[in-house]
Amino acid sequence: MSSDNGRPEPAAEEPGGEQLALIRESVRKAKAPKAKPRTWRGAALARELPVAKVLVDKGPVHLDKLWDYAVPAEMDAEAKPGVRVRVRFGAGTGKVREGRREGGGLLDGYIVERVAESDYRGPLAAVAQVLSPEPVLGPGLLALCRAVADRYAGSLADVLQLAVPKRNVRAEGEPSPPPLPPPGAPAAGSWERYPAGPGFLDALRGGGTPRAVWTALPGPHWPREWAVAVAATLASGRGALVVVPDGRTAARVDAALTEVLGGAGRHVLLTADLGPEERYRRWLAVSRGSVRAVVGTRAAMFAPVRDLGLVGIWDDGDHSHSDDHAPQPHARDVLLLRAVHERTGFLLGDLGRTVEAAQLVENGWARPLEADREQVRAAAPLIRTVDEGEVARDAEARAARLPTLAWQTVRDALTRGPVLVQVPRRGYVPRLACERCRAAARCAHCAGPLEARDADRLACGWCGRAETSWHCAECGGVRLRARIVGARRTAEELGRAFPAVPVRTSGRDHVLDRVPDRPALVVSTPGAEPVADGGYAAALLLDGWALLGRPDLRAGEEALRRWLDAAALVRGHADGGLVVVTAEPTQRPVQALVRWDPAGYAARELAERAQLGFPPVSRMASVAGPAEAVDELIAAARLPEGTETLGPVPLPLTEPGRPRRPGEPPPGEEWQRALLRVRPGQGSALAAAVKAAKAQRLARGEKDPAVRIDPFDIG
DNA sequence: AGCACGCCGACT
DNA sequence: GTCGGCGTGCTC
């Protein structure tokens, strides 16, 4: 019964599509293009609801609407809402010539709805084929995808490609296991360490929808705490979804869930490294309601969990939470949308705190879920700082390239266990800073970051204005210093210094998961730190200035995040854990680390962003493309009143050979980028205006600039 | 994206 | 007079 062939041979064997195509052709022959809709009545159409509203999933963006197709009677049973279909699209009108088949190419899509009548004034083509009877796009998932598309000024089709996995015939053919009954309520366990912890769990267990920003205590307990929160939600008869930045973390939470839920039947792990087939198998288990708890990486944010009671995200500052496919939705935002639309609880957990999380707390949408100061002090290691200036003055340190305190700390700690050494990755471009107070140099007009254009010319990276008489807004200084990325400290160097101790490395290429509880030096780049089974005895966080000097609005936040992540792997103060960070002790992120006060840091940062008109308080859209395209899009958009346009400024050329990231010019093309900035509360109006302008331009077949809402990687 | 239709210049 | 340029617009 295969119907996939390109040969239009025996009409009898080809159900539906061909037959209706013929009918339609005869209609066209019989009468002029317009009028006479429904002449195809009498064909073998479904008796009830013979019209399918179809969402075409590939092809040009402006097809971002529903199209009506006729449902042949043979397909009636299978052509349910949510199933994948193929339809003929385009160019159908004129091809009456003999010897050629009518209709344009076959496009994939989904049936969104079955209705009784079409309001399209013309003959309907038929659904060409139901690809599979599996309803993969339910009403909830569709509504979510629509909301995400609007939020990001993107097309529904683009979002669907992120949300619905590719079909796999084998996985789809298998039944999913029957659902297990909800588990019993778990004990609060280490959640007791947070005053509001047990109450949060009680609310979940009781069917409530609590919302919290959770600042996790350093140490190894948070994966299990996630598992307990999920179990409490399952106990209420609802589902739960937790999104984490990477597969390593997902595996840790998955293991904790298996433990807490007493087996693997009630939850699934959804990560990219499963491969398409297994991933689809698990996704189907969720979609079919046989599993109601999901932990996974960012694509799992769309998982169609039935009767969702809790959405969670861990470490929302990690860049992996932002999808790199258009329209680049961020897991935090998608889960926020789900929490609102699906009326669920919300838990954002982090060792630190992003400015966005601080905003959720500040505007009262979520409650802080934090431990008392004494708990924090006991769980966190002791933090010592070594000033860069001190390193320079200390002759011994300069020779050894490590300050004395760091040497002593390592030597001492190595008698008690492994020592972690965090070394920034190379390739960070430092930004310009005041020589006296080291505040970032910002544009006097729009507060964008100043950049050195060539030899001595300064210009703003946002609005492009030249700066000829810069002076520091903080201290009045007039001299800038451009910092240079220093040499990377290598594992070999440390190996020579401590010949008796094994040296392990973990970085982009080889990421270690765990290291045993034995003396060893573990050299790692930020984000790749292995977990030490008994906690590290100490950690060195080297070259802090390289993290702090990044030309990014989030440099401080990001540096603090990297440090907290590494320091959280070190034994607590009570167990002798010690961290040495080489960075200016006067810098705010450094002070926040020493006090272990990420919430305070984020609150201050948020206040400052508000004052300077930075995201996330102000909302922004970035528009990048060829100069005319950018200008035209902005001119055509009916932007909310008071929208500021910064730029356009030329973007750096893409070096050939390097994989191109979205929003970057193709090699050889010169692109401009403008930033649109609106006041708080106008973010969705901005997205809607840009989306409308994009659609309008695309309808005329013009090249569309790359639009990004809330870009986080700007100056 | 394709592929129509549609309204102005070089040609038999 | 006709053929044909590719500039707008539609595709169920």
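Residue numbers begin at 1 in each chain, while the letters A, B, ... track the order of the sequences. A quick note: this is a predicted structure, and the numbers were derived from the prediction, not measured.
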Nearest-Å distance, [atom1] ([X]) to [atom2] ([N])?
X        : N      : atom1 : atom2 : answer
A/Glu113 : C/dC12 : CD    : C1'   : 15 Å
A/Leu124 : C/dT11 : CG    : P     : 12 Å
A/Leu107 : C/dC12 : CG    : P     : 10 Å
A/Phe89  : B/dA1  : CZ    : P     : 13 Å
A/Trp67  : B/dA1  : CH2   : C1'   : 13 Å
A/Arg121 : C/dT11 : CZ    : C1'   : 18 Å
A/Lys65  : C/dG9  : NZ    : P     : 15 Å
A/Leu55  : C/dT11 : CG    : P     : 17 Å

Cut-off 3.5 Å, no hydrogens considered: what does the side-chain donor-acceptor table look like for residues 48-55 of chain A, sequence neighbours left out?
{"from": "A/Lys53", "atom 1": "NZ", "to": "A/Asp68", "atom 2": "OD1", "distance (Å)": "3.0"}
{"from": "A/Lys53", "atom 1": "NZ", "to": "A/Asp68", "atom 2": "OD2", "distance (Å)": "3.4"}

Kindly say whether the aromatic ring centers of A/Trp67 and A/Phe89 come within a distance under 6.0 Å. yes

Would a line drawn from the ring center of A/Trp283 to the ring center of A/Phe302 be shorter than 6.0 Å? no

Sorted by chain and residue number, the side chain to side chain contact (heavy atoms under 4.5 Å, CB included) partners of A/Ala171 (sequence neighbours excluded) come out as A/Asn168, A/Glu277, A/Tyr280, A/Arg281

